[in-house]
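Right, one structure below, let's go through it.
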Amino acid sequence: VVMPYITVLSDFREKVRSIARDQKMYSLLKECDVLRDEKLIELGVRMEDKDGLTVLKLVGKEELLKEREQTKQMELEKQRQKDEQKLKAEEKKRQKEAQASIPPQDMFRSQTDKYSAFDEQGVPTIDAKGQPLSDKQLKKLKKEWEEQKKKFESRST
């Protein structure tokens, strides 16, 4: 009894959507989505857009409301994860900028728990126990110092 009316409404909606897409009337497209995602759900009608076709089903209102709530929760979780990733990326960027702002000659000097003496460039030469650093350790630290120098100079330009 109800299905012919819903079919007419669906056909009308599809024509409106087609015109709205052609004329880039995004607010009208949004209203078509509201009809599908809110108004018809309240009446127990599922309208799905699949491969350019509209599929209509009469389903219990409670089931549709539950599905809509689950969809909203998944979208909220997805947005939360996206926001979290954005915050992490921003924090990482801030840390990189903060690290790049340290002059290379000062980068190791604050690490007195690891090193006790430094050369004229600020590269450690003696560890905290008073032992000279090995050639391998010195090479690694000089490489870090060169990388920091590049970061610091690129920040300054």
Side-chain angles (χ1 to χ4, degrees), residues 1-115 121-124 136-137 139-157:
V1 171
V2 175
M3 210 55 174
Y5 299 106
I6 296 172
T7 303
V8 168
L9 177 63
S10 172
D11 291 344
F12 176 76
R13 176 184 168 270
E14 195 54 45
K15 289 176 185 173
V16 168
R17 288 181 71 220
S18 177
I19 293 168
R21 274 193 299 265
D22 291 344
Q23 296 183 10
K24 296 181 176 25
M25 299 173 70
Y26 301 113
S27 61
L28 192 53
L29 285 171
K30 180 74 174 152
E31 287 303 315
C32 288
D33 290 343
V34 168
L35 175 68
R36 179 195 62 211
D37 298 337
E38 295 178 21
K39 305 295 184 189
L40 290 177
I41 284 178
E42 295 291 331
L43 300 173
V45 177
R46 175 184 291 147
M47 183 182 283
E48 299 173 341
D49 297 320
K50 291 187 177 182
D51 302 324
L53 299 173
T54 302
V55 178
L56 298 167
K57 295 179 185 174
L58 293 176
V59 183
K61 177 182 172 180
E62 293 78 23
E63 182 180 338
L64 291 175
L65 291 173
K66 184 178 176 183
E67 287 175 5
R68 181 173 69 183
E69 187 59 33
Q70 288 173 342
T71 301
K72 284 183 181 179
Q73 290 301 320
M74 288 186 336
E75 288 173 1
L76 286 172
E77 178 62 20
K78 188 176 180 180
Q79 184 62 43
R80 185 194 64 74
Q81 289 175 350
K82 188 177 178 179
D83 292 345
E84 192 175 291
Q85 288 176 340
K86 185 178 178 182
L87 286 173
K88 285 180 182 178
E90 288 172 357
E91 178 60 26
K92 190 174 182 178
K93 182 180 176 185
R94 278 193 295 274
Q95 288 175 349
K96 281 180 117 177
E97 289 171 354
Q99 179 67 27
S101 69
I102 299 171
Q105 60 272 17
D106 295 338
M107 69 182 280
F108 295 113
R109 293 193 190 273
S110 63
Q111 299 178 23
T112 55
D113 59 323
K114 294 181 182 180
Y115 312 112
Q121 293 179 320
V123 177
K136 185 177 178 181
Q137 289 173 315
K139 184 177 178 181
K140 181 182 174 201
L141 291 171
K142 285 181 183 180
K143 184 177 178 181
E144 285 180 39
W145 186 90
E146 288 293 333
E147 289 173 6
Q148 181 64 23
K149 181 180 176 188
K150 288 178 188 175
K151 289 177 191 175
F152 185 75
E153 289 172 350
S154 68
R155 178 199 61 86
S156 300
T157 56

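Scope of the values below: all heavy atoms of this structure, side chains included, with no hydrogens, waters or symmetry mates. We number each residue from 1, following the sequence as shown.
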Over all atoms of both residues, closest heavy-atom pair of [X] and [Y]:
X      : Y      : answer
Gln111 : Met107 : NE2-O, 3.7 Å
Phe108 : Glu144 : CE2-OE1, 3.7 Å
Gln148 : Ile102 : NE2-O, 2.8 Å
Leu58  : Met3   : CG-SD, 4.2 Å
Lys61  : Glu42  : CD-O, 3.3 Å
Val123 : Leu141 : CG1-CB, 4.1 Å

Is any side-chain N of the basic residue among Arg13 and Asp49 closer than 4.0 Å to the acidic one's carboxylate O?
yes
Glu14/Arg17 salt bridge by N-O under 4.0 Å criterion:
yes
Separation of [Y] [atom2] from [X] [atom1] (nearest 0.5 Å):
X     : Y     : atom1 : atom2 : value
Lys86 : Glu84 : NZ    : CD    : 14.0 Å
Cys32 : Tyr26 : SG    : OH    : 14.0 Å
Glu48 : Ser10 : CD    : OG    : 11.5 Å
Leu40 : Leu56 : CG    : CG    : 8.0 Å
Arg21 : Ser18 : CZ    : OG    : 5.5 Å
Glu31 : Met25 : CD    : CE    : 11.5 Å

Ile41, Asp37, Thr54 screened by side-chain contact (heavy atoms from CB on, under 4.5 Å) with Met47, the one that passes
Thr54
Mark yes or no for whether Thr71, through its side chain, and Glu67, through its backbone, hold a donor-acceptor pair below 3.5 Å.
yes
Can you confirm whether [X] sits close enough to [Y] that some side-chain heavy atom of one is under 4.5 Å from a side-chain heavy atom of the other?
X      : Y     : value
Lys82  : Lys78 : no
Leu35  : Leu9  : yes
Glu63  : Arg46 : yes
Lys151 : Lys96 : no

Run the side-chain hydrogen bond (donor to acceptor under 3.5 Å, both in side chains) check on Glu77 and Gln81 step by step: do they pass?
CA-CA 6 Å; Glu77 178 62 20; Gln81 289 175 350; 3.2 Å; yes
Show your reasoning for whether salt bridge (Lys or Arg N to Asp or Glu O under 4.0 Å) applies to Glu91 and Arg94.
CA-CA 5 Å; Glu91 178 60 26; Arg94 278 193 295 274; 3.0 Å; yes
Working for side chain to side chain contact (heavy atoms under 4.5 Å, CB included), residues Lys142 and Gln121
CA-CA 10 Å; Lys142 285 181 183 180; Gln121 293 179 320; 5.8 Å; no
Could you verify whether a donor N or O on one side chain and an acceptor N or O on the other, from Gln73 and Glu69, lie under 3.5 Å apart?
yes
Should Asp83 and Arg80 be marked as a salt bridge (Lys or Arg N to Asp or Glu O under 4.0 Å) after you check the CA-CA gap, both sets of side-chain angles, and the distance that decides it?
CA-CA 5 Å; Asp83 292 345; Arg80 185 194 64 74; over 6 Å; no
